[in-house]
*Asks:* 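Can you keep this structure in mind? I'll have questions shortly.
Sequence lines set the chain letters: A, B, ... in the order given, protein chains first and strands last, and positions in each chain run from 1.
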Amino acid sequence: LAPWVPVVGLEIHAQISSNSKLFSGSQVQFAAPPNSLVSFFDASLPGTLPVLNRRCVEAAVMTGLALNCSINKKSLFDRKHYFYADLPAGYQITQQRVPIAVNGSLSYSLCIDNKMNQMVTKTVRIKQIQLEQDSGKSLHDDTRSQTLVDLNRAGVGLMEVVMEPDMCCGEEAAAAVRELQLILQTLGSSQAVMAEGQLRVDANISVHHPGEPYGVRTEVKNISSMRFLAKAVDYEIQRQIEELENGGTILNETRAFDSKLGCTVPMRDKEGKQDYRFMPEPNLPPLILYDTKSLPANMNHQQVINIDWIHERLPDLPSVKREKLVEQYGILPEHSFTLLNEDGLAEFFENVVKQTQMKPKKVIGWILQDLLSYLKQHSLSVKESPVSSFLLADLLNLLEKKEISSTAAKQVLAELWKGEGKTPLEIVKERKLQQLQDQKELEQICQAVIDGQENEVIMVVLG
Amino acid sequence: QNVSLEVLDHLEHPALVDFRDLEGVEQLQKAIQFADQLHEVNTDGVEPIDSVLEDRWCLYLREDDVTEGNYTKELLENAREKVEEYFVAPPG
């Protein structure tokens with residue numbers, strides 16, 4: 001049987017972290033009373049016009065730079081037409097002809113065979129990043145045969161990040177999206193929380209035999225978590241392979257991921273190819289960006305966006321942070337991945353290191369094994385940890401000074417989790433966990449044990 | 001050139017227009033022919049412009065301040081049907 005090569009591309013929509021919307025002054029906020037965060041423009045009332053939000057442009061430029069893209073100094077806005085209840089204007093303003101950023105790349109890492117100590121780095125090409133409007137929200141009420149529409153989300157700024165089909169499976173797709181999520185959160189351009197709809201992923205999937213042209217692709221939507229992303233992609237790859245091996249064909253269709261059934265199903269409303277009738281947005285001139293060289297002499301600062309200025313102020317990206325952690329503390333690369341993967345864990349680790357004499361290479365074990373596993377067991381975030389970095393450092397100091405043994409330290413930690421406000425030293429004294437250092441005292445105890453177990457001693461001596 | 005039935009159907013569907021009868025279709029044909037006159041101009045090597053204002057049409061950048069909202073009552077006044085504070089639309 002000839003092998004199949006799965007091909008996976010992604011279209012990721014990230015909600016821009018801003019106070020107000022892309023083209024209007026209404027607020028961006030999750031979970032507010034329906035239709036309370038809607039301006040007349042968002043509702044598409046006649047006579048309203050789009051006015052571009054500067055912060056949204058900066059967010060897109062930051063993201064483009066972080067993803068090694070070329071920033072287009074001149075980009076254009078277009079209208080994409082389709083009819084849906086949550087799109088009051090009947091079109092979405094997007095950037096179809098010339099988007100704000102193109103031709104970038106994203107590096108991400110994978111564990112081979114789920115072994116943390118064997119990591120491989122992969123790259124996915126970023127085709128483009130474009131600015132566009134989000135739509136409102138539709139709540140389908142099938143019992144009463146109606147759709148309820150809330151326009152609070154209509155007009156919120158989105159960055160659509162298009163990843164080329166360089167990925168081959170669910171694991172790669174999830175890892176790439178995870179790294180993008182970390183980058184966006186580090187930049188602050190998007191909070192990228194999937195659960196709140198701030199990061200939405202659509203996957204384009206096809207399969208073919210090596211050496212043959214690419215197969216027909218399907219688009220999979222409605223993926224609401226990172227875990228489901230991997231599942232949905234892998235399911236669709238399998239479905240396509242089975243279909244083709246049974247002599248069937250793949251339809252160029254849009255499918256939805258059903259998380260309960262763990263499969264993809266054809267989406268209604270998406271029959272036939274859509275004709276979006278793209279046209280230039282007549283109410284918006286081209287978006288012009290500058291760099292230090294092309295900066296116009298006498299223009300109002302507020303009206304000028306300088307790419308170089310933004311570049312200079314980019315924070316350290318996750319990949320750089322990881323390298324620094326490895327270099328500074330001598331920890332393993334896979335440790336740095338785990339540290340950055342949990343919100344606040346890297347800071348916690350560094351705080352403990354600052355407050356203890358124990359070597360970072362030893363501290364990391366306590367962080368990744370003891371602290372992290374406890375937090376995971378109780379579904380707590382690092383911020384919610386009952387054991388602060390101060391307390392843990394205190395405990396590790398006792399261990400480092402050999403005042404307690406490693407086993408005793410674990411017992412103290414178990415006690416500290418209760419969050420009763422006791423210090424490590426207090427617990428040690430309470431439970432009499434101090435390590436005996438006195439040689440004579442230790443000899444006496446050992447002798448007493450041996451004296452009390454004569455039979456066992458004889459058996460040991462006889463071998 | 002005639003407008004085929006397939007193209008006609010395709011035009012009507014996404015644009016939600018109805019050419020109704022034969023006369024309507026003839027009107028459409030005439031409109032297309034009229035617009036086709038644009039092709040008489042040779043535009044080889046000429047960059048299309050977005051506006052006759054060219055470079056003088058500057059995109060205004062707004063500060064990221066919340067300046068609008070809380071128009072729920074006014075917006076819902078125009079709605080034929082509403083449920084609590086949601087607009088009501090047909091299913092699908």
*Asks:* Is there a side-chain contact (heavy atoms from CB on, under 4.5 Å) between B:V83 and A:Q146? Walk through the geometry before answering.
*Replies:* CA-CA 10 Å; B:V83 167; A:Q146 61 189 15; 3.9 Å; yes
*Asks:* Taking A:N35 for the side chain and B:E85 for the main chain, is one N or O donor matched with an acceptor at less than 3.5 Å?
*Replies:* yes
*Asks:* Can you tell me which portion of A:F77 sits under 4.5 Å from chain B's heavy atoms? Options are side chain, backbone, both or neither.
*Replies:* side chain
*Asks:* Does CD belonging to B:Q37 count more than 12 external heavy atoms closer than 6.0 Å?
*Replies:* yes
*Asks:* Decide yes or no on side-chain contact (heavy atoms from CB on, under 4.5 Å) for A:L52 and B:Y60, but give the supporting numbers first.
*Replies:* CA-CA 7 Å; A:L52 183 56; B:Y60 177 76; over 6 Å; no
*Asks:* Under a 4.5 Å heavy-atom cut-off, does chain B meet the side chain of A:R277, its backbone, both or neither?
*Replies:* side chain
*Asks:* Does atom NZ (B:K82) have a neighbourhood of more than 12 heavy atoms from anything else shown, all under 6.0 Å?
*Replies:*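 Yes.
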*Asks:* Looking only at side-chain N and O atoms, does A:S20 offer a donor or acceptor that is under 3.5 Å from a partner on B:R62?
*Replies:* yes
*Asks:* Does A:R313 have more than 12 heavy atoms from other residues, nucleotides or ligands lying within 6.0 Å of its CZ?
*Replies:*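 Yes, because the 6.0 Å sphere around CZ of A:R313 holds more than 12 heavy atoms from other groups.
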*Asks:* Has the side chain of A:N19 got a donor or acceptor atom that lies under 3.5 Å from a matching backbone atom of B:D64?
*Replies:* yes
*Asks:* Can you tell me which of A:P280, A:S24, A:A43 forms the most heavy-atom pairs within a distance under 4.5 Å of chain B?
*Replies:* A:S24
*Asks:* Say you draw a straight line from OH of B:Y71 to CG of A:D42; how long is it, rounded to the nearest 0.5 Å?
*Replies:* 10.0 Å
*Asks:* Measuring heavy-atom distances to chain B, does A:I16 have an atom under 4.5 Å in its side chain, in its backbone, in both, or in neither?
*Replies:*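 Contact with chain B involves no heavy atom of A:I16 at all.
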*Asks:* Do you know the tightest heavy-atom contact between B:W57 and A:P282?
*Replies:* CH2-O, 3.4 Å
*Asks:* Can you find a pair of side-chain heavy atoms, one from A:F40 and one from B:L75, that are under 4.5 Å apart?
*Replies:*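 Touching, per the 4.5 Å side-chain cut-off.
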*Asks:* At a 4.5 Å cut-off on heavy atoms, which part of B:N70 comes close to chain A: side chain, backbone, both, or neither?
*Replies:*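 Both backbone and side chain.
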*Asks:* Quick check on B:E84 against chain A: is it the side chain, the backbone, both or neither that has a heavy atom closer than 4.5 Å?
*Replies:*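 Neither; nothing under 4.5 Å.
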*Asks:* Need one label for A:K74: side chain, backbone, both or neither, based on atoms under 4.5 Å from any heavy atom in chain B.
*Replies:* side chain
*Asks:* Using a cut-off of under 4.5 Å for heavy-atom pairs, which of B:A89, B:C58, B:G69 has the most such pairs with chain A?
*Replies:* B:A89
*Asks:* Counting N and O atoms only, with roles assigned by atom type, does the side chain of B:E68 sit under 3.5 Å from a partner on the main chain of A:S39, one being a donor and the other an acceptor?
*Replies:* no
*Asks:* Please identify, among A:L284, A:D141, A:N300, the residue contributing the most non-hydrogen atom pairs under 4.5 Å to chain B.
*Replies:* A:L284
*Asks:* Please classify the contact between A:P286 and chain B as side chain, backbone, both or neither, with a heavy-atom cut-off of under 4.5 Å.
*Replies:* both
*Asks:* Evaluate the side-chain contact (heavy atoms from CB on, under 4.5 Å) criterion for residues B:L59 and A:I288: first the C-alpha distance (whole Å), next the side-chain angles of each, then the deciding distance (0.1 Å), finally the verdict.
*Replies:* CA-CA 8 Å; B:L59 180 56; A:I288 309 292; over 6 Å; no
*Asks:* Could you go step by step and tell me if B:L61 and A:V57 meet the side-chain contact (heavy atoms from CB on, under 4.5 Å) rule?
*Replies:* CA-CA 9 Å; B:L61 293 171; A:V57 180; 4.3 Å; yes
*Asks:* Between A:D150, A:V51, A:V28, which residue shows the highest count of heavy-atom pairs closer than 4.5 Å to chain B?
*Replies:* A:V51
